[in-house]
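Report on the following structure.
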Amino acid sequence: MRTYKLVLWIFILYIIQNVFYPVLSLSGYVPELLMCFAVSYSSLERRFRRISPVIIICAILSGTGTGRVFSIAVLFVGLAGVAVYLAMPYMQFIPKTIRVGAMTAFFAFLMYCAEFFAVSGTLTYGFITNFAVWNTLYTVVWVCVIYLILKKIMNTADKTLLIVSERN
């Protein structure tokens with residue numbers, strides 16, 4: 001994917017997440033769209049040199065969002081992107097969409113729990129079963145949507161490159 005498309009994707013998702021969050025909000029639950037993009041892109045791209053700037057930019061922008069703890073958001077978005085990149089060659093018997101969703105769910109749940117603990121100083125059972133779980137599930141729905149759109153876009157670009165290389 002070209003650089004201007006990546007910048008456009010990140011810019012649009014950042015604006016949607018931070019400006020139009022009342023539109024995305026379902027009962028107060030807002031998905032972490034930049035984490036979704038970092039995870040989806042790192043699962044589709046094969047070169048770490050290409051995904052590392054995307055993960056870093058998504059992590060930093062995710063931390064600057066409204067009502068976020070900067071260090072926790074940066075840490076978990078960065079960890080999620082790198083972990084998905086490293087785990088994609090393994091577990092080939094599980095479909096890739098499920099792997100991406102499961103790894104996003106794991107890191108999103110940890111991020112929401114850590115942010116709540118950092119802000120309030122307590123970690124209650126009610127929070128874990130209510131806010132963190134539902135926010136995580138909403139984020140997983142969005143990561144599946146973003147992953148399927150990116151897969152379609154990136155596969156189209158790969159097919160055109162394969163056709164051109166076969167002709168030469």
Side-chain angles (χ1 to χ4, degrees), residues 1-21 24 29-118 131-158:
M1 187 179 291
R2 301 209 179 215
T3 306
Y4 69 89
K5 287 182 182 178
L6 288 173
V7 170
L8 185 65
W9 264 94
I10 292 170
F11 178 72
I12 289 173
L13 290 176
Y14 181 76
I15 295 297
I16 289 172
Q17 180 175 335
N18 292 311
V19 175
F20 299 111
Y21 65 89
L24 286 178
Y29 307 121
V30 180
E32 182 59 43
L33 295 178
L34 292 171
M35 176 188 266
C36 296
F37 182 75
V39 166
S40 298
Y41 186 70
S42 64
S43 69
L44 293 169
E45 182 63 45
R46 294 182 186 98
R47 298 171 300 223
F48 191 73
R49 178 179 264 182
R50 293 277 299 165
I51 67 163
S52 57
V54 172
I55 291 172
I56 291 169
I57 291 169
C58 285
I60 291 172
L61 288 177
S62 177
T64 61
T66 54
R68 306 305 305 264
V69 178
F70 181 78
S71 58
I72 292 174
V74 170
L75 175 70
F76 282 105
V77 171
L79 279 176
V82 172
V84 167
Y85 172 76
L86 294 174
M88 277 302 123
Y90 305 107
M91 303 180 292
Q92 294 293 330
F93 55 92
I94 302 173
K96 207 170 191 180
T97 309
I98 295 173
R99 283 185 277 171
V100 168
M103 298 211 43
T104 303
F106 177 72
F107 284 103
F109 182 75
L110 289 177
M111 181 181 68
Y112 292 128
C113 289
E115 278 186 345
F116 183 77
F117 183 72
F131 183 75
V133 170
W134 290 111
N135 232 346
T136 300
L137 290 176
Y138 195 35
T139 301
V140 168
V141 168
W142 274 95
V143 79
C144 290
V145 169
I146 291 173
Y147 172 76
L148 292 174
I149 292 171
L150 273 179
K151 182 178 176 184
K152 182 72 173 169
I153 291 171
M154 291 179 75
N155 281 346
T156 307
D158 290 342

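What's counted below: heavy atoms across the whole structure, side chains too, no hydrogens, waters or symmetry copies.
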Go through Thr64 and Tyr14 one step at a time and tell me if the side chain to side chain contact (heavy atoms under 4.5 Å, CB included) criterion holds. CA-CA 10 Å; Thr64 61; Tyr14 181 76; 3.3 Å; yes

Is there a side chain to side chain contact (heavy atoms under 4.5 Å, CB included) between Ile146 and Leu13 once you walk through the steps? CA-CA 10 Å; Ile146 291 173; Leu13 290 176; 4.2 Å; yes

Side chain to side chain contact (heavy atoms under 4.5 Å, CB included) for Ile72 and Phe76? Distances and angles first, verdict last. CA-CA 6 Å; Ile72 292 174; Phe76 282 105; 3.6 Å; yes

Side chain to side chain contact (heavy atoms under 4.5 Å, CB included) between Phe107 and Val84: does it pass, once the steps are laid out? CA-CA 10 Å; Phe107 284 103; Val84 167; 5.7 Å; no

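Ala132 approaches Phe109 most closely through the heavy-atom pair CB-CE1, 3.6 Å. Nearest approach of Ala87 to Met103, heavy atoms of both residues: CB-SD, 3.6 Å. Nearest heavy atom pair, residue Gly78 against residue Ala59, reads N-CB, 4.0 Å. Of all non-hydrogen atoms in Ala108 and Thr139, the two that sit nearest each other are CB-CG2, 4.3 Å. Looking at every heavy atom in both residues, Val143 comes nearest to Val100 through CG2-CG1, 3.9 Å. Taking all atoms of both residues into account, the shortest heavy-atom contact from Gly63 to Ala73 is CA-CB, 3.7 Å.
Between Tyr41 and Phe37, the ring planes lie parallel to each other; the angle is under 30°, not in the 30° to 60° tilted range.
Expressed to the nearest 0.5 Å, how far OH of Tyr138 lies from CD of Glu32 amounts to 13.0 Å. Distance check: Ile56 CD1 to Leu61 CG gives 12.0 Å after rounding to the nearest 0.5 Å. Remark: Ile98 CD1 to Phe93 CZ distance equals 11.0 Å, nearest 0.5 Å. A distance of 5.0 Å separates CH2 of Trp9 from CD1 of Ile149, quoted to the nearest 0.5 Å. Once rounded to the nearest 0.5 Å, the distance linking OG1 of Thr136 with CZ of Phe131 reads 9.0 Å. Atoms CE and OG1, from Met35 and Thr104 in turn, are 7.0 Å apart once rounded to the nearest 0.5 Å.
In this structure, Arg99 contributes its side chain and Tyr90 its backbone to a donor-acceptor pair below 3.5 Å. Counting only distance, with no hydrogens or angles, the side chain of Glu45 and the backbone of Ile51 share no donor-acceptor pair below 3.5 Å. Side chain of Lys96 to main chain of Leu44: no donor-acceptor pair is present (N/O by atom type, distance under 3.5 Å, no hydrogens or angles).
Under a cut-off of 6.0 angstrom, the local environment of CZ in Phe70 is crowded, with over 12 non-hydrogen atoms contributed by other residues, nucleotides or ligands. In Phe117, the CZ atom is not crowded: 12 or fewer heavy atoms of neighbouring residues, nucleotides or ligands sit closer than 6.0 Å.
Residues Trp142 and Leu24 meet the side-chain proximity criterion, which asks for heavy atoms closer than 4.5 Å.
For the side chain to side chain contact (heavy atoms under 4.5 Å, CB included) with Leu79, the qualifying choice from Val82, Leu75, Val77 is Leu75, the only one to do so.
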